[in-house]
Amino acid sequence: MERTLIIIKPDGVQRGLVGEVIKRFEQRGLRIAGLKLMQIPRELAEEHYAEHKGKSFYESTVNYITSAPVVVMCLEGPNAIAAARQTMGATRPTEAAPGSIRADFGLDISRNIVHGSDSPATAEREIALYFKPEELISYQRSSDVWLKE
Ligand code: CMP
């Protein structure tokens, strides 16, 4: 069982895609362990994107992610990180696989609708940035037995 951190970015919220994005992760089989609407404070965004500090897109990415509300989710399931990344598609929407969220709804790398953790270490770090332990709930759904052998 793995956990990953997903953010529906300001473009996803403003374009009314919250339900559509959550639906795709849910129908993939991923289970919601935590979910909230928030506006990310600048300090938190800088910490989240610290690895990109100094890159050309760092400032604009931090400005953008803090500009309007986002929906933050912790999803869990077998291979949750890889599965969520596949459901999202490649960072650049024009390189994302057809049928993925970014290919179906995006055009530009700076407005790519959704963020997802890219490794187990990143997931652990990012989940801790956005959720207190008591905000995450571990539970079973009756469908879980049909999702993994
Ligand atoms: P995300 O998965 O949130 O991680 C970093 C974000 O920076 C990325 O998605 C993009 O939205 C944004 N970004 C903007 N320009 C670039 C770029 N040239 N390369 C990578 N990420 C970029």
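Whatever order the structure lists ligands and atoms in, that order sets their numbers, starting from 1. This is a predicted model, so every value here is computed, not measured. We're numbering straight along the sequence, starting at 1.
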Item to check | Nearest non-hydrogen protein atom, atom 2 (O) of ligand 1 | outcome: H115 ND1, 3.1 Å
Item to check | R111 to ligand 1, any heavy atom closer than 4.0 Å | outcome: no
Checklist entry - Angle class for the Y49/H115 ring planes (parallel below 30°, perpendicular above 60°, tilted otherwise)? => result perpendicular
Next on the checklist: For atom 9 (O) of ligand 1, what's the nearest protein heavy-atom neighbour? Residue, atom name and distance, please.
Outcome noted: K9 NZ, 3.1 Å
Next on the checklist: Can you tell me if N79 has over 12 outside heavy atoms packed within less than 6.0 Å of its CG?
Outcome noted: no
Next on the checklist: How far is atom 18 (N) of ligand 1 from the closest protein heavy atom, and which atom is that?
Outcome noted: F57 CD2, 3.7 Å
Checklist entry - Given that the side chain starts at C-beta and the backbone is N, CA, C, O, which of these parts of I109 lies under 4.0 Å from ligand 1, counting heavy atoms, or is it both or neither? => result both
Next on the checklist: Using 0.5 Å steps for rounding, measure from the CD atom of E59 to the CD atom of E46.
Outcome noted: 7.0 Å
Checklist outcome for this item: When every non-hydrogen atom of R3 is compared with those of C74, the smallest separation belongs to CD-SG, 3.8 Å
Checklist entry - Would you call Y49 a ligand 1 contact, heavy-atom distance under 4.0 Å? => result yes
Item to check | Test item, R102 contacting ligand 1 (heavy atom, 4.0 angstrom) | outcome: yes
Checklist entry - Do L44 and Y130 have side-chain heavy atoms sitting under 4.5 Å apart? => result yes
Item to check | Side-chain H-bond candidate by donor/acceptor type, R42 with T66, under 3.5 Å | outcome: no
Checklist entry - Does ligand 1 have an atom that lies less than 4.0 angstrom from a heavy atom of H52? => result yes
Next on the checklist: For the residue pair R102 / T87, report whether a side-chain donor-acceptor contact shorter than 3.5 Å exists.
Outcome noted: no
Checklist entry - Of all the non-hydrogen atoms in the protein, which one sits nearest to atom 12 (C) of ligand 1, and at what distance? => result T61 OG1, 3.6 Å
